[in-house]
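See below for the structure under consideration.
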Amino acid sequence: MRQITVLSGGTGGAKFIRGLRHGIVSGTLPGVPTDAEVTVVGNTADDWWIHGLKVCPDLDTVMYTLGDGLDTDRGWGRRGETWHLNEELAAYGVDRTWFGLGDRDLATHLVRTEMLEAGYPLSQVTEALCRRWLPDDAAGRVRLLPMTDDRVETHVAVPDPEAPSGRRVVHLQEYWVRLRGEVPAETVVVVGQDDCSPAPGVVEAITGADLVVLPPSNPVVSVGTILGVPGIRDAVAATTAPVVGVSPIVGGRHVRGMAQQMLAAIGVEVSAEAVGRHYGSRRAEGVLDGWLVDEADAGAVAGLQQAGLRAAAVPLMMTDDDATAAMAAAAVELVR
Ligand code: GDP
Ligand code: CA
């Protein structure tokens with residue numbers, strides 16, 4: 001298995017890919033050579049424009065995590081960050097300063113926005129940014145592709161007693177950062193999804209892979225939005241590579257983030273088994289061959305097997321690169 005393609009969101013996906021790369025270079029993944037290449041198809045439905053800048057939180061989290069530039073305590077943004085820009089914007093009374101834009105991070109958004117405005121598609125911009133964070137000569141080569149070059153943005157309907165309709169629609173960033181995910185999400189609307197197309201190389205990365213992995217990313221607003229790009233789901237269904245997923249739900253809860261809120265919004269129970277069934281077996285029009293659950297969810301294995309999936313229960317907490325590489329090894333083993 002020389003070509004591995006991962007459909008990733010931000011924090012959960014990036015951490016998994018780091019462990020996967022660690023497993024590759026240390027030769028601990030069964031049947032995977034130490035020079036195997038990873039292609040990441042990154043979620044861009046979290047992206048938004050703010051203060052005139054294009055911000056791509058999930059792509060940046062993957063870049064910074066793999067390029068060792070992430071603030072691992074905070075879990076997002078740049079290590080050694082300062083916040084002068086945000087303070088100055090707040091002093092002007094600028095709206096939306098609840099969305100933290102760090103001074104170091106700002107450079108990424110400036111380079112991106114300038115290139116986009118010069119006419120480069122997001123995929124080429126991402127490639128340019130990755131020359132710094134994911135150089136070609138690095139051990140354990142990783143290539144990062146945005147799922148699409150088109151503008152796609154996830155919005156969420158939340159209750160608003162003051163609105164005549166009793167609800168209000170906010171961008172996912174506002175739901176998560178300003179509202180802290182503390183109000184129920186009634187519906188998820190992915191604006192632009194139906195009219196977008198996969199970025200160059202995305203379909204080929206899936207159909208030409210030796211293994212496709214759905215990491216423990218949010219099943220709705222990370223992996224779900226990637227699979228929602230017309231053509232991507234079909235590519236996953238059609239690839240000759242085995243497709244294996246890792247549950248982001250452990251013991252009936254998400255580990256962090258907002259998977260619980262998002263699953264509730266689409267009417268899927270918050271359990272490793274329900275998420276595996278939601279993705280479904282490729283033998284029954286789904287996207288998976290195998291689904292890895294945590295040991296705490298071992299009771300789900302039989303039901304998942306009945307649903308046509310290979311399934312196994314192993315520890316799924318990404319406490320460090322070794323633990324995560326062991327998860328990746330179990331995922332590979334499950335569908336080999
Ligand atoms: P986001 O874009 O930053 O929300 O990140 P992702 O969508 O890539 O990943 C979010 C998911 O990662 C959440 O649903 C978490 O439950 C999951 N997650 C985070 N840490 C762990 C972990 O250690 N183990 C597992 N199994 N899932 C995790
Ligand atoms: Ca995200």
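Note that ligands are numbered from 1 as they come in the structure, with each ligand's atoms numbered from 1 the same way.
Assignment of Thr61 to the shell around ligand 1 is not supported, since no heavy atom sits closer than 4.0 Å. Heavy atoms of Ser8 stay at 4.0 angstrom or farther from ligand 1.
The nearest non-hydrogen atom to atom 7 (O) of ligand 1, considering only Pro219, Ser222, Gly9, comes from Ser222. Nearest-heavy-atom check against atom 18 (N) of ligand 1 across Leu263, Val255, Thr324 picks out Val255.
In terms of polar-atom proximity, defined here as any N/O pair under 3.5 Å, Gly10 does make such a contact with ligand 1. For a threshold of 3.5 Å applied to N or O pairs, the pair formed by Thr11 and ligand 1 contains at least one separation below that value.
Under a cutoff of 6.0 Å and an axis angle of 45°, Arg180 and Trp98 do not form a cation-pi pair.
The backbone N or O of Leu316 lies less than 3.5 Å from a partner atom in the side chain of Asp294, making a donor-acceptor pair.
For atom 25 (C) of ligand 1, the closest non-hydrogen atom of the protein is Leu316 O, 3.3 Å. Protein heavy atom nearest atom 17 (C) of ligand 1, with residue, atom name and distance: Pro216 O, 3.3 Å. Of the protein's non-hydrogen atoms, the one nearest atom 26 (N) of ligand 1 is Ser247 O, 2.8 Å. Regarding atom 13 (C) of ligand 1, its nearest protein heavy-atom neighbour is Arg256 O, 3.1 Å.
Protein-derived N/O/S atoms nearer than 3.0 Å to the Ca ion (ligand 2) total 3, waters excluded.
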